[in-house]
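Throughout, protein chains are lettered first and strands after them, A, B, ... in sequence-line order, and every chain is numbered starting at 1.
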Number of protein chains: 2
Amino acid sequence: MTAPTLSLADRMTDIRPFHVMELLRRARELEAQGRDIIHMEIGEPDFPSPPPVVEAATRFLARGDVHYTPALGIAPLREAIARFYQDRFGADVAPERIVVTPGASGALMLALAATTNPGDSWLLPDPTYPSNRHLVRAFEGVARAVPVNADSAYQPTVAAVETAWQPNTRGLIVASPANPTGTLLTQPEIGALRQSVRARGGQLIVDEIYQGLTYGVDSSTALKTMDDVFVVNSFSKYFGMTGWRLGWLVAPEGYAREIERLAQHFFISASTIAQQAALAAFSPACLDILESRRQAFAERRNTLLPALRDLGFKVASEPQGAFYIYSDVSALTDDSETLARRLIEEAGVAATPGIDFGDNRPRQHLRFAYTTSQSRLAEAAERIRRVLA
Amino acid sequence: MTAPTLSLADRMTDIRPFHVMELLRRARELEAQGRDIIHMEIGEPDFPSPPPVVEAATRFLARGDVHYTPALGIAPLREAIARFYQDRFGADVAPERIVVTPGASGALMLALAATTNPGDSWLLPDPTYPSNRHLVRAFEGVARAVPVNADSAYQPTVAAVETAWQPNTRGLIVASPANPTGTLLTQPEIGALRQSVRARGGQLIVDEIYQGLTYGVDSSTALKTMDDVFVVNSFSKYFGMTGWRLGWLVAPEGYAREIERLAQHFFISASTIAQQAALAAFSPACLDILESRRQAFAERRNTLLPALRDLGFKVASEPQGAFYIYSDVSALTDDSETLARRLIEEAGVAATPGIDFGDNRPRQHLRFAYTTSQSRLAEAAERIRRVLA
Ligand SMILES: Cc1ncc(COP(=O)(O)O)c(C=O)c1O
Ligand SMILES: Cc1ncc(COP(=O)(O)O)c(C=O)c1O
């Protein structure tokens with residue numbers, strides 16, 4: 001049978017899959033054959049959803065009253081998020097500026113659709129979370145890579161942004177902590193980027209989805225000192241709620257009302273169950289659980305980082321957040337994809353090759369996620385050692 | 001305080017809100033003042049989610065294992081949907097062609113993003129579900145209205161489509177049963193539309209979100225005889241699961257693999273809890289409940305339709321599906337929006353003015369949803385009678 005001829009929009013040529021999915025498929029195949037695979041490619045916490053959240057969902061479900069909500073989210077959740085900014089970070093954020101979305105994915109989609117004209121470009125660090133450039137492309141924008149390296153903690157500098165800026169540039173998207181590098185921007189660094197972007201009439205989007213997952217440094221928010229940036233966040237990572245599909249966007253004043261129209265048509269509303277459950281995410285009992293999970297991540301990082309270095313993986317800029325280690329594998333291979341395949345086939349260890357994150361020397365890099373237990377991490381290191389020996 | 005100057009994409013000028021939201025806000029205000037409002041503007045079943053679905057969700061939640069799923073949806077759900085097509089409609093649909101999405105909204109978004117180049121136009125009946133034209137616009141397509149009237153059951157004819165077709169036309173979106181009119185296309189009619197659209201190299205999208213909610217006629221699917229159309233569906237309406245945010249797209253062969261990439265970036269995946277719960281939606285126990293609800297809707301329709309006619313609302317094309325009655329109010333007013341406001345203020349009855357559904361004589365039309373009980377419908381008719389007297 002020959003493949004049918006598909007009639008696709010041009011944008012589809014530029015929209016690439018997560019390559020790691022191929023690897024994941026291979027991992028599942030090997031597992032089906034009885035092989036034990038240690039999953040270090042997965043960008044989500046291995047912990048179950050926090051019990052207070054699950055209990056809140058169960059209580060809500062008992063009523064069975066699962067109807068659409070307002071497009072911007074239920075008022076108590078928007079208020080709870082605002083209170084969280086106040087209590088934890090001392091940041092004043094009016095609930096009216098908060099748009100509850102289906103994940104940070106939905107928040108990024110709304111921010112980009114609301115601000116991007118065809119041909120407008122967005123500056124994105126390279127490496128970066130892959131969906132950003134595809135969402136820009138989906139709305140006919142142009143993603144322009146700003147190569148970032150270990151010398152600037154894989155974050156864009158003001159100088160690099162100003163060099164890359166063009167008349168059609170709409171803005172800059174950064175993440176802190178970042179995926180795939182786990183590195184942070186300091187608040188003064190974000191402030192300087194903001195100033196440069198705003199001076200050029202552009203917008204700054206700060207993706208704070210890994211907020212709360214920092215080690216050795218306090219986590220923070222751009223909202224503490226800036227009210228003219230878009231901030232993206234999610235219940236997926238720190239709150240351990242990936243499969244619930246819930247996040248939010250904080251928009252500068254006046255934007256939420258506009259974005260509401262888009263949200264109505266894109267989503268009608270975010271999951272009602274997730275919204276009701278998320279009300280319990282900010283309870284002291286839940287925050288205690290999240291703090292102990294943060295500590296577990298910190299310990300894992302402290303185990304994995306020296307173990308990888310010991311094996312010849314270079315980590316030039318130490319990750320201080322998220323749950324990723326982005327390693328330079330040039331001492332071990334000239335092609336990280338080949339190495340990734342070898343690790344999965346021979347060591348039963350899955351990691352993500354750099355190619356998923358951009359064009360900035362992807363074959364030199366491999367991302368390890370410490371989203372598995374200490375003992376599995378130790379086992380992974382031992383297996384990799386045997387393969388590389 | 002003056003409003004800040006917003007920097008929005010051009011598309012935002014064309015993206016309009018659901019006007020009924022203003023009315024809903026007013027209804028909530030009146031309710032807060034102690035007024036009793038009968039809600040006939042709401043496009044979702046008033047029933048709670050079916051108990052078997054709620055129980056399945058609760059069981060799944062007890063494990064707490066709420067992680068991301070594959071972007072196309074969990075395999076058992078894709079298989080269950082395929083089986084449902086087979087069992088209920090005798091339609092052969094390979095699970096590989098099914099993309100599980102966050103509601104029909106997500107399915108429409110994926111189908112349009114995957115196929116629409118900037119400047120491509122889509123033909124839409126007018127009146128129609130408002131989000132369609134805004135989703136077309138979001139991806140830089142152009143929505144072209146095909147005015148439809150009672151004489152063709154508010155559905156586009158082949159002749160109308162062929163007249164409206166232009167070189168840049170990408171395809172046609174129809175819904176059966178339709179919102180706001182509740183009218184159906186017969187399978188031969190859909191077949192003729194398909195043939196005309198395909199002969200012109202275009203795509204047909206059939207929105208079957210109200211499938212299962214038909215009265216006096218069997219419900220059906222275009223998939224029984226056509227495998228080169230996009231079919232949109234959802235757990236929102238027949239399955240009574242609006243707030244769960246779950247739907248699906250059936251794509252012609254070869255498309256799902258392409259659409260998978262878009263789904264990864266747009267949504268990562270649909271709600272895991274909703275997917276797990278939806279497995280119970282096809283159980284005999286659940287289908288029994290849904291059948292009794294369908295009968296309740298049928299009875300409501302049989303109450304409301306003569307009552308409205310009696311009050312001077314003309315319904316020239318009888319609705320046979322969904323839960324809407326689209327009435328011509330020209331004997332009562334020259335502006336349906338004014339009448340809608342009067343009904344809410346004076347009768348405490350909320351209905352949706354035609355303006356939400358397009359430009360085809362919207363001021364002459366008002367949509368009533370029978371998403372409330374028989375006794376409330378009777379009460380609404382009585383109150384309207386007093387106001388119009
Ligand atoms: C940097 C970053 N932003 C956004 C997302 C989207 O996550 P979600 O839609 O689950 O909130 C991810 C997911 O991995 C991410 O790493
Ligand atoms: C015709 C039609 N299509 C699609 C939708 C979207 O519904 P959902 O995203 O809840 O499946 C609706 C909602 O009212 C509708 O009426």
Under 4.5 Å from any heavy atom of chain B - which part of A:R25: side chain
Parallel, tilted or perpendicular: rings of A:F18 and B:H265 (30°, 60°): perpendicular
Heavy-atom contact with chain B under 4.5 Å, split by part of A:P252: neither
Checking heavy atoms, do the side chain of A:L24, its backbone, both or neither come under 4.5 Å from chain B? neither
Indicate yes or no: at least one non-hydrogen side-chain atom of A:P17 is less than 4.5 angstrom from one of B:Q264. yes
Can you tell me which portion of B:L108 sits under 4.5 Å from chain A's heavy atoms? Options are side chain, backbone, both or neither. neither
Where on A:A274 is there a heavy atom nearer than 4.5 Å to chain B: the side chain, the backbone, both, or neither? neither
Name the region of A:D46, side chain, backbone, both or neither, that has any atom closer than 4.5 Å to a heavy atom of chain B. backbone
Greatest number of heavy atom pairs closer than 4.5 Å to chain A - which of B:P45, B:G43, B:S49: B:S49
Select, from B:M21, B:R16, B:E44, the one with the greatest count of heavy-atom pairs under 4.5 Å involving chain A. B:E44
To the closest 0.5 Å, what do you measure between OG (B:S271) and CG (A:L246)? 10.0 Å
Among the listed options B:P118, B:A263, B:G201, B:G240, the residue most often paired with chain A at heavy-atom distances under 4.5 Å: B:P118
With chain A, which of B:D228, B:L135, B:L112, B:I259 has the greatest number of heavy-atom pairs at distances under 4.5 Å? B:L135
Could you please state which residues from residues 66-74 of chain B sit under 4.5 angstrom from chain A, measuring non-hydrogen atom to non-hydrogen atom, sorted by number, or 'none'? B:V66, B:H67, B:Y68
Top residue by heavy-atom pair count (under 4.5 Å) with chain A, among B:G103, B:P102, B:A138? B:A138
Less than 4.5 Å apart, any side-chain heavy atom of A:I273 and any of B:W244? yes
May I ask you to check whether A:R170 and B:S7 show a side-chain donor-acceptor distance below 3.5 Å? yes
Less than 4.5 Å apart, any side-chain heavy atom of B:D65 and any of A:P48? no
Atom group of A:M12 that falls short of 4.5 Å from chain B, counting heavy atoms: both
Looking only at heavy atoms, what is the nearest atom pair of A:A113 and B:A9, with distance? O-CB, 3.8 Å
Using every non-hydrogen atom in the two residues, find where A:L61 and B:V54 come nearest and quote the distance to one decimal. O-CG1, 3.3 Å
Partner chain A: residue of B:G243, B:S105, B:S236 with the largest heavy-atom pair count (under 4.5 Å): B:G243
Is it the side chain or the backbone of B:A270 that comes within 4.5 Å of chain A heavy atoms, both, or neither? backbone
Any non-hydrogen side-chain atom of A:F139 less than 4.5 Å from a side-chain atom of B:E140? no
A:T352: which residues meet the side chain to side chain contact (heavy atoms under 4.5 Å, CB included) condition with it, sequence neighbours left out? A:V20, A:E41, A:D356, A:F357, A:R367
Please classify the contact between B:Q203 and chain A as side chain, backbone, both or neither, with a heavy-atom cut-off of under 4.5 Å. side chain
Distance in Å, B:D10 CG paired with A:T116 OG1, rounded so as to fall on 0.5 Å steps: 11.0 Å
Taking the side chain as every heavy atom from C-beta outward, state whether B:F267 and A:R245 have any atom pair closer than 4.5 Å. no
Where does A:F47 contact chain B at under 4.5 Å (heavy atoms): side chain, backbone, both or neither? backbone
Could you list all the salt bridge (Lys or Arg N to Asp or Glu O under 4.0 Å) pairs where at least one residue sits in residues 257-272 of chain B, not counting sequence neighbours? B:E258-B:R261
Per-residue contact mode, A:I15 against chain B (heavy atom under 4.5 angstrom): both
Would you please name every residue forming a side chain to side chain donor-acceptor pair (under 3.5 Å) with A:E55, sequence neighbours left out? none
